[in-house]
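Take a look at the structure below.
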Number of protein chains: 2
Amino acid sequence: MQSEPAPREGTLARPTLADVAARAGVSASTASLAFSGSGPVSDATKERVLAAAAELGYAGPDPRARSLRRGRSGIVGVVLEERVRAAFLDPVKIQMLDGITEGIAPLGAGLLLLTDTGEAGGNAVGIESAPVDAVVLVGCSPRLGDAVEVLRRRGIPAVAIEGAAGEGVPQISIDNREATRRGAEYLRELGHTDVALVTLPFDADRTRGPLTPELIAASTADTASERLAGARLVFPDANGRAAAASSIEEGREAGLALLADPATRPSAIIAQSDLLAAGVINAAEELGIAVPAELSVLGFDGIRVDGLQHDLTTLAQPSVAKGRAAGEAVVQLLAGEPGESVCFTSTLHVGDTTAPHPARAAR
Amino acid sequence: MQSEPAPREGTLARPTLADVAARAGVSASTASLAFSGSGPVSDATKERVLAAAAELGYAGPDPRARSLRRGRSGIVGVVLEERVRAAFLDPVKIQMLDGITEGIAPLGAGLLLLTDTGEAGGNAVGIESAPVDAVVLVGCSPRLGDAVEVLRRRGIPAVAIEGAAGEGVPQISIDNREATRRGAEYLRELGHTDVALVTLPFDADRTRGPLTPELIAASTADTASERLAGARLVFPDANGRAAAASSIEEGREAGLALLADPATRPSAIIAQSDLLAAGVINAAEELGIAVPAELSVLGFDGIRVDGLQHDLTTLAQPSVAKGRAAGEAVVQLLAGEPGESVCFTSTLHVGDTTAPHPARAAR
DNA sequence: CTGTTAGCGCGTTCAC
DNA sequence: GTGAACGCGCTAACAG
């Protein structure tokens with residue numbers, strides 16, 4: 001072994017732990033302990049090692065070698081069912097991500113963004129080859145089953161948020177159906193009988209348009225289906241429109257469609273997200289319909305819609321807590337524990353976008 | 001060495017490539033080639049290996065070992081200067097992230113979210129210990145210099161978006177000063193002379209309030225400073241307020257403060273982001289000030305502000321392209337090439353939020 | 001086309 | 001408290 005390996009391509013050969021150890025006059029294992037700090041090393045030795053490292057420009061142990069040796073990479077994967085841009089347009093997802101970050105904080109792990117779209121061709125790092133210690137599956141997708149199977153084979157623990165999971169996969173969810181039912185009941189108590197729905201997309205194609213039985217039957221989106229079912233528990237004949245995404249603009253379009261004709265105009269609208277609700281409110285204001293005097297609007301999520309000047313009546317779900325619970329489940333799984341499934345309860349927040357039915361209020 | 005290592009805790013020992021090779025009756029390297037597909041392997045052998053893998057429940061090569069051997073992890077780090085939630089509230093950042101994803105697509109690499117906040121205590125995976133092949137630094141921060149130094153020592157190539165970088169670090173930026181100057185000139189051509197500013201935060205504390213010389217002097221935010229400088233090239237005396245973040249709500253507050261007093265009310269406001277501009281418009285509408293008839297508003301970014309019913313006059317910057325360029329620079333660096341710095345040009349998009357100065361229009 | 005030989009850089013036994 | 005050896009699981013060279 002040469003003491004001075006030839007630098008290649010003008011780049012100085014990066015020093016390795018062994019180099020540092022040699023420079024400090026100690027053995028490699030001692031140097032290792034000096035860095036990981038987990039073993040008994042005299043302060044003097046430790047200092048000498050650190051000094052040697054500084055002189056050589058050694059930047060610490062190679063994470064790749066470390067993770068091979070330790071069997072852990074210190075990375076948690078987050079699998080989104082859409083492309084990054086789409087996922088992060090949804091405030092709820094962002095909050096969940098933030099919650100996940102909190103939940104896995106004790107791990108000190110990084111978050112690796114993964115999508116289940118398409119296949120990881122070639123040597124791409126997909127769900128089947130990512131150097132992750134665990135994975136959080138966000139949102140239910142048809143191919144989620146495959147993902148779980150791959151992970152099971154790889155022995156990588158997984159947690160699912162809002163999606164049918166599988167054996168040994170803790171599930172973090174909320175009471176979509178029951179919550180929506182409660183919201184709908186509140187509207188009924190206010191005297192509303194003629195209620196329309198603006199739903200989240202039901203399928204991967206994000207079909208926009210009227211709520212047809214076919215569309216509903218072909219649903220691959222649990223969340224949309226469950227919230228719809230909850231609403232129909234109270235208003236069995238409620239109809240409406242499916243949006244192509246959860247956004248203010250989509251809500252506005254659906255709102256315009258539902259409110260344009262005074263003859264068929266509902267007295268209340270149940271939107272499956274706050275962004276959609278905000279859009280519906282915008283639409284109403286454009287049409288000169290007063291909210292909540294002439295139209296009640298119910299949202300879902302409990303986010304603060306940036307720029308909306310209403311206090312939305314909504315079913316507030318604990319998005320951050322959901323993420324945190326998922327993160328904590330990851331921590332449990334990595335500790336060899338079973339990993340706790342949690343179903344959170346959404347709470348009806350009564351704001352200023354709902355009011356008694358106009359006819360009743362007029363009495 | 002035992003041929004049957006004791007399975008621990010009821011978990012079957014995960015098969016390794018060697019196990020598969022043995023089962024298939026080939027050598028380990030052959031099995032390796034069968035998986036990576038990069039070498040000459042007969043179809044028959046390949047099939048046999050794959051079959052053996054399937055029987056054993058082998059899920060493919062261990063990414064940790066693979067990355068140690070190859071010297072590449074297939075992961076690109078994205079360093080955000082804020083916590084995840086804050087960063088992803090900014091549409092521009094999300095678009096950039098999406099662009100980065102596109103840019104590094106040829107690598108098939110995953111995106112690892114990193115923040116430069118605090119230190120990665122213990123064995124946490126921070127910028128100084130993340131198993132990444134390259135890094136994109138997003139946004140300029142005071143400690144960005146440290147980050148670059150750490151990466152240099154580790155030999156990890158870096159690209160900086162909107163931030164002073166350093167030797168060998170390609171920089172992706174836009175013409176903040178010049179673009180704002182053009183926007184300001186457009187306002188001057190419309191006859192405006194009394195122009196107020198709503199800026200992005202100048203420091204890490206995100207101080208909200210009047211634009212004082214002290215605040216500006218202590219700026220650690222290039223973007224805010226440059227855009228300010230550009231505006232003052234045209235309106236040297238322009239004053240205004242710094243927002244604590246780029247959001248509609250912050251814009252609204254600043255707007256209310258600037259517009260409340262009719263005596264000092266400007267005829268135009270230059271906002272340093274579209275979200276801030278949208279907030280200013282909301283504030284104006286609340287105060288019964290017509291946009292653009294009584295107040296012109298200029299934004300920056302060129303994003304579609306969800307829910308805003310105006311076509312904002314703004315300086316459209318190519319956010320996605322910026323991200324893509326950063327991604328491409330990463331690809332170049334990893335290929336051993338120098339990595340190209342790019343400074344994009346923003347274009348003035350004239351929408352319906354700017355109009356001639358009221359006095360001139362009245363003529 | 002396939003097998004053999006060496007490590008990648010580190011962490012972890014053990015002895016001393 | 002420290003040193004010596006071994007191997008994590010895989011793959012890049014070569015030899016056959």
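The shown structure was predicted, so the numbers you read here are calculated from the model rather than taken from an experiment. Within every chain, numbering begins at 1; the chains are lettered A, B, ... in the order of the sequence lines, protein sequences first and strands thereafter.
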**Asked** According to a strict under-4.0 Å criterion, is A:Ser32 in side-chain N/O contact with OP1 or OP2 of C:dG11?
**Response** yes
**Short side-chain N/O contact from A:Thr30 to OP1 or OP2 of D:dG1, under 4.0 Å** = no
**Asked** What nucleic acid atoms does B:Ser36 come within less than 4.0 Å of, heavy atoms only: base, sugar-phosphate, or nothing?
**Response** nothing
**Prompt:** Between B:Tyr58 and D:dC10, is there a side-chain N or O to OP1/OP2 distance below 4.0 Å?
**Reply:** yes
**Prompt:** Want to settle it: does B:Arg48 or B:Arg69 sit nearer the 5' end of DNA chain C, counting the closest nucleotide to each?
**Reply:** B:Arg48
**Request:** Measure the acute angle between the ring planes of B:Phe88 and A:Phe88, then classify it against the limits of 30° and 60° as parallel, tilted or perpendicular.
**Result:** parallel
**Fill in**
Out of D:dT2, C:dG3, C:dT2, minimum distance to the side chain of A:Thr45 belongs to D:dT2
**Request:** Give a yes/no on whether any side-chain N or O of A:Arg70 is located under 4.0 angstrom from OP1 or OP2 of C:dC10.
**Result:** no
**Asked** D:dC10 phosphate, OP1 or OP2: any side-chain N/O from B:Arg64 under 4.0 angstrom?
**Response** no
**Request:** Could you walk me through whether B:Met96 and B:Glu162 pass the side chain to side chain contact (heavy atoms under 4.5 Å, CB included) test, one step at a time?
**Result:** CA-CA 11 Å; B:Met96 279 180 4; B:Glu162 291 294 332; 5.6 Å; no
**Request:** Quickly work out the A:Asp19 CG to C:dC10 P distance and round it to whole Å.
**Result:** 9 Å
**Request:** Check every strand shown and say whether B:Ser67 touches a base, only sugar-phosphate, or nothing at a heavy-atom separation below 4.0 Å.
**Result:** nothing
**Prompt:** How is A:Ser29 classified with respect to the nucleic acid when contacts are heavy atoms under 4.0 Å: base, sugar-phosphate, or nothing?
**Reply:** base
**Message:** Working note: A:Leu97 + B:Leu113, criterion side chain to side chain contact (heavy atoms under 4.5 Å, CB included); need CA distance, chi angles, decisive distance, verdict.
**Reply:** CA-CA 11 Å; A:Leu97 219 94; B:Leu113 263 30; 4.1 Å; yes
**Message:** Keeping A:Arg14 on the side-chain end and A:Ala59 on the backbone end, is there a donor-acceptor pair under 3.5 Å?
**Reply:** no
**Request:** I would like to know whether A:Thr101 and B:Thr115 meet side chain to side chain contact (heavy atoms under 4.5 Å, CB included); could you show each step before the answer?
**Result:** CA-CA 11 Å; A:Thr101 307; B:Thr115 51; over 6 Å; no
**Prompt:** Is A:Thr16 near enough to C:dC8 that one of its side-chain N or O atoms lies under 4.0 angstrom from OP1 or OP2?
**Reply:** no
**Asked** Which part of the nucleic acid, if any, lies within reach of A:Leu68 when heavy atoms closer than 4.0 Å are counted: base, sugar-phosphate only, or nothing?
**Response** base
**Request:** Rounded to 10°, tell me the angle between the two end axes of the helix from C:dC1-D:dG16 to C:dC16-D:dG1, each built from five pairs.
**Result:** 30°
